[in-house]
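Residue numbers start at 1 and run along the sequence shown.
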Amino acid sequence: MVYYSIQPQQIALLIGSLLTTLFIYIYILIHRETYAHLSDSIGLFVILAIPLYYSQKINGNNKG
């Protein structure tokens with residue numbers, strides 16, 4: 001089993017950086033109308049790939 005010791009400051013920095021990245025991505029997406037669909041598809045793929053990558057080691061059938 002993997003245990004993480006994350007401090008509240010680290011959680012706040014992580015959430016803040018994720019929100020900042022998301023807002024920058026949305027800002028760029030709004031101002032680039034020409035490549036909006038392409039960048040939206042790539043961004044959505046990356047946003048979905050990150051949680052899937054980190055959650056692949058979660059065992060839902062752990063009975064111990």
Side-chain angles (χ1 to χ4, degrees):
M1 240 186 227
V2 176
Y3 293 100
Y4 296 101
S5 61
I6 299 177
Q7 303 297 323
Q9 295 86 6
Q10 292 173 336
I11 293 173
L13 284 173
L14 177 66
I15 292 173
S17 64
L18 288 174
L19 286 174
T20 303
T21 304
L22 178 64
F23 286 135
I24 290 171
Y25 173 70
I26 291 172
Y27 178 79
I28 292 171
L29 184 64
I30 289 172
H31 288 305
R32 292 198 162 254
E33 296 175 7
T34 306
Y35 298 104
H37 294 293
L38 177 63
S39 61
D40 186 32
S41 298
I42 293 170
L44 184 61
F45 175 77
V46 170
I47 289 170
L48 291 174
I50 291 170
L52 288 174
Y53 176 76
Y54 285 109
S55 65
Q56 71 189 44
K57 293 186 179 181
I58 296 174
N59 185 4
N61 296 323
N62 190 3
K63 297 180 182 180

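- At a threshold of 4.5 Å between side-chain heavy atoms, the hydrophobic network of Ile, Leu, Val, Met, Phe, Trp and Tyr places I15 and F23 in one connected group.
- Considering only residues two or more places apart in sequence or on other chains, L52 meets the side-chain contact (heavy atoms from CB on, under 4.5 Å) condition with none of them.
- By the side-chain contact (heavy atoms from CB on, under 4.5 Å) test, I50 pairs with V46, Y54, sequence neighbours left out.
- Within 6.0 Å of atom NE2 in H37, 12 or fewer heavy atoms from other residues, nucleotides or ligands are found, so the atom counts as exposed in its surroundings.
- Through side-chain heavy atoms spaced under 4.5 Å, either directly or across other Ile, Leu, Val, Met, Phe, Trp or Tyr residues, L48 is tied to L44.
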